[in-house]
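Here the structure is a predicted model, which is why all the values come from computation and not from measurement. FYI, side chains are in, hydrogens and waters are out, and symmetry mates aren't considered; it's all heavy atoms of this structure.
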Amino acid sequence: MMSPAVNVHPENTDDELSYLRSEIKRLRAALRQKGPALAMLLRHRGFFIYKKDPLDDVLVPADNLLDYYYQMLHKYSFRLFLRDVLKHQEFFTISQVARYATPDIVRGYLDYLVSAGLVKKQRQGYALARPPIRSFGPTLEWYLAEVFKREFGSEAFWGIKFRGRGVGGDYDVIACIEKSLFYAEVKASPPKHIFKTEIAAFIDRVLDLSPDAAIFLMDTELRMKDKIVPLFEHEMENRFSSPPPIERLEHELFHIRNRIFILNAKRSIVRNIEQVVRRHFQESISASLH
């Protein structure tokens with residue numbers, strides 16, 4: 001049972017914001033406790049977690065700075081900028097990380113990263129302030145798990161490995177929303193770097209886990225219809241004698257029988273995930289009435 005809200009009247013705006021953030025965190029925790037624990041839902045499917053939420057290869061600031069960093073990651077230009085920072089992490093100049101934003105915007109991004117302790121200034125440029133990071137992928141997984149937690153009040157794990165499964169590889173993000181299990185694969189690479197083997201591996205994990213909804217998310221604003229959707233069509237044809245159709249839900253968001261969703265980051269990751277969640281629950285209600 002949720003504890004009643006405390007009647008607090010902060011003296012200034014900073015105190016009020018701090019209080020509201022703490023209340024939001026408390027309410028999220030209470031909402032998560034009302035449903036079955038995500039680990040238990042996975043155990044019901046025969047999945048036992050070996051490893052999850054690995055922070056050793058993730059670019060995130062200290063805990064007290066996470067809220068603003070999360071808001072920054074909503075910006076596609078900031079995510080593209082971070083990819084270039086990691087590409088040149090040992091040393092870079094403003095011009096090397098300003099491919100997708102103006103130098104003034106990038107300068108502001110760099111000032112922020114320096115203040116957050118993620119980047120350090122050097123004599124002629126900048127460098128990452130922490131040990132080397134292999135790629136932006138794990139940070140993107142962390143961000144997507146935060147989207148599920150913060151926007152949907154759900155429990156979410158990322159970078160998950162399971163014991164004793166025939167299907168290999170990590171599960172990028174798994175979340176539970178109102179007892180429905182969501183699995184998401186998130187790709188930081190552009191579509192030209194995605195191949196049929198990756199689509200096949202994703203489908204293998206979907207069939208093994210059997211989530212209520214599965215999401216294949218590309219962090220790009222490029223069209224899904226040009227390459228990614230045809231790769232899925234080819235995979236469906238290889239697996240099924242009567243392959244299910246891939247239909248457009250809206251814009252660059254596609255679905256396979258409302259169970260597998262293919263989407264990009266156009267119009268924002270948060271909004272597109274909201275569309276998937278809404279569609280899932282609408283179809284669940286509709287199916288129960290027929």
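- Judged by distance alone, the side chain of Arg259 and the main-chain N or O of Asp212 form a donor-acceptor pair under 3.5 Å.
- Side-chain rings of Phe216 and Phe261 stay apart, their centers remaining 6.0 Å or farther from each other.
- Nearest approach of Ile174 to Leu38, heavy atoms of both residues: O-CD2, 3.3 Å.
- Criterion: ILVMFWY side-chain heavy atoms under 4.5 Å apart, direct or through other members. Under it, Ile269 and Leu66 are part of a common hydrophobic cluster.
- Note on ring orientation: taking the six-membered ring where Trp is involved, the planes of Phe182 and Phe148 are tilted (angle from 30° to 60°).
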>> I'd like to know whether Lys187 forms a salt bridge (charged side-chain N to carboxylate O under 4.0 Å, His left out) with Glu198, so could you lay out the CA-CA distance, the side-chain angles of the two residues, the decisive distance to 0.1 Å, and finally the verdict.
In response: CA-CA 10 Å; Lys187 299 293 185 184; Glu198 293 171 88; 3.3 Å; yes
> What do the steps show when you test Asn238 against Lys196 for side-chain contact (heavy atoms from CB on, under 4.5 Å), and what is the final call?
Replying inline: CA-CA 11 Å; Asn238 283 344; Lys196 62 181 182 180; over 6 Å; no
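- With rounding to the nearest 0.5 Å, the separation of CE in Met224 from CG in Leu253 is 10.0 Å.
- The shortest side-chain heavy-atom distance between Lys75 and Tyr109 falls under the 4.5 Å cut-off.
- Of all the heavy atoms in Val186 and Leu140, the pair that sits closest is CG2-CD2, 3.3 Å.
- Under the 4.5 Å side-chain criterion, counting only non-hydrogen atoms from C-beta, Trp158 is not in contact with Leu144.
- Taking the ring centroids of His74 and Tyr70, they lie under the 6.0 Å cut-off.
- Cation-pi geometry between Lys87 and Phe92 is not met: the NZ or CZ atom fails to fall both under 6.0 Å from the ring centre and inside 45° of the normal.
- The nearest pair of heavy atoms linking Ser154 to Cys176 is CB-O, 2.9 Å.
- Residues Ala127 and Glu90 share a closest heavy-atom pair of CB-O, 3.3 Å.
- Tyr100 has its ring centre no less than 6.0 Å from the ring centre of Phe81.
- Ionic pairing of Arg130 and Asp57 is not present here: no N-O contact between side-chain nitrogen and carboxylate oxygen is shorter than 4.0 angstrom.
- The line from CD1 of Ile94 to CD of Gln96 is 11.0 Å long, rounded to the nearest 0.5 Å.
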> Run the side-chain contact (heavy atoms from CB on, under 4.5 Å) check on Thr93 and Gln124 step by step: do they pass?
Replying inline: CA-CA 7 Å; Thr93 62; Gln124 301 296 326; 5.8 Å; no
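- The hydrophobic clustering, which links ILVMFWY residues whose side-chain heavy atoms are closer than 4.5 Å, places Leu80 and Leu128 apart.
- Taken from CD in Glu221 to CZ in Arg267, the straight-line distance is 11.5 Å, to the nearest 0.5 Å.
- Looking at Arg248, its side chain never comes within 3.5 Å of a backbone N or O of Phe254 through a donor-acceptor pair.
- Judged by distance alone, with hydrogens and angles left aside, the side-chain atoms of Asp53 form no donor-acceptor pair with the main-chain N or O of Phe157 at under 3.5 Å.
- Ring pair Phe47/Phe162 is perpendicular by interplanar angle, where above 60° counts as perpendicular and below 30° as parallel.
- Contact annotation: the side chain of Thr139 never approaches that of Tyr143 to less than 4.5 Å [non-hydrogen atoms, C-beta and beyond].
- Note on Leu65: it does not cluster hydrophobically with Leu55, by side-chain heavy-atom contacts below 4.5 Å among ILVMFWY residues.
- Although no hydrogens or angles enter the test, the distance criterion places no donor-acceptor pair under 3.5 Å between the side chain of Asp204 and the main chain of Val167.
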> Does the side-chain contact (heavy atoms from CB on, under 4.5 Å) test come out yes or no for Lys266 and Tyr76, once each step is laid out?
Replying inline: CA-CA 9 Å; Lys266 187 79 172 179; Tyr76 183 52; over 6 Å; no
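- Between the side chain of Ser135 and the backbone N or O of Gly137 there is at least one donor-acceptor pair closer than 3.5 Å.
- Panel note: side chain Arg83, backbone Ala188; a donor-acceptor pair is recorded below 3.5 Å.
- Looking at every heavy atom in both residues, Lys225 comes nearest to Glu233 through NZ-OE2, 4.1 Å.
- To the nearest 0.5 Å, the span separating CG on Leu42 from CD1 on Ile160 amounts to 7.5 Å.
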>> Let's go through Tyr68 and Tyr112 carefully: what are the C-alpha distance in whole Å and the side-chain angles of both, what is the deciding distance for ring pair (Phe, Tyr, Trp, His ring centres under 6.0 Å) to 0.1 Å, and is it a yes or a no?
In response: CA-CA 10 Å; Tyr68 187 74; Tyr112 163 66; 5.2 Å; yes
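- Environment of CZ in Phe91: crowded, with over 12 heavy atoms of neighbouring residues, nucleotides or ligands closer than 6.0 Å.
- Under a 3.5 Å cut-off, the side chain of Asn272 and the backbone N or O of Asn264 do form a donor-acceptor pair.
- Listed for the Lys227 side chain is a donor-acceptor partner under 3.5 Å among the backbone atoms of Ile194.
- Asp170 places none of its side-chain heavy atoms less than 4.5 Å from the side chain of Lys51.
- Atom OG1 of Thr220 and atom CZ of Arg79 lie 10.0 Å apart (nearest 0.5 Å).
- Ile273 has its side chain within reach of Leu263: a pair of non-hydrogen atoms, C-beta onward, lies under 4.5 Å apart.
- There is a side-chain donor-acceptor pair under 3.5 Å between Glu185 and Tyr183.
- Following chains of ILVMFWY side-chain contacts shorter than 4.5 Å, one can reach Met72 starting from Val114, so the two form part of one hydrophobic cluster.
- Ile260 is not listed as a side-chain neighbour of His255, based on a closest heavy-atom distance of 4.5 Å or more.
- Remark: side-chain polar atoms of Arg165 are paired, donor with acceptor, to backbone N or O of Gly46 under 3.5 angstrom.
- In this structure a side-chain-to-backbone donor-acceptor pair under 3.5 Å is present from Gln89 to Leu86.
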>> Pair Asp208, Arg205 - check salt bridge (charged side-chain N to carboxylate O under 4.0 Å, His left out), show working.
In response: CA-CA 5 Å; Asp208 195 35; Arg205 287 192 283 271; over 6 Å; no
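- A distance of 8.0 Å separates CD in Glu247 from CG in Asn258, rounded to the nearest 0.5 Å.
- Arg271 and Ser268 make their closest contact through N-OG, 3.0 Å (heavy atoms, listed as atom of the first residue, atom of the second, distance).
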> Could you go step by step and tell me if Met40 and His44 meet the side-chain contact (heavy atoms from CB on, under 4.5 Å) rule?
Replying inline: CA-CA 6 Å; Met40 187 58 67; His44 291 167; 3.5 Å; yes
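- Ring-plane geometry between Phe232 and Phe202 is classed as perpendicular, the angle between the planes exceeding 60 degrees on a 0 to 90 degree scale with a lower cut at 30.
- Inter-residue side-chain proximity for Phe281 and Ile177 is flagged as met; some heavy-atom pair is nearer than 4.5 Å.
- Between Ile215 and Ile262, every side-chain heavy-atom pair lies at or beyond the 4.5 Å cut-off.
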>> Let's go through Arg279 and Glu250 carefully: what are the C-alpha distance in whole Å and the side-chain angles of both, what is the deciding distance for salt bridge (charged side-chain N to carboxylate O under 4.0 Å, His left out) to 0.1 Å, and is it a yes or a no?
In response: CA-CA 11 Å; Arg279 179 68 171 213; Glu250 63 166 38; over 6 Å; no
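- Relative to the six-membered ring of Tyr126, Lys121 misses at least one condition, a distance below 6.0 Å or an angle of at most 45° to the axis.
- Taking hydrophobic clusters as Ile, Leu, Val, Met, Phe, Trp and Tyr residues chained together by side-chain heavy-atom distances below 4.5 Å, Val206 does not share a cluster with Phe195.
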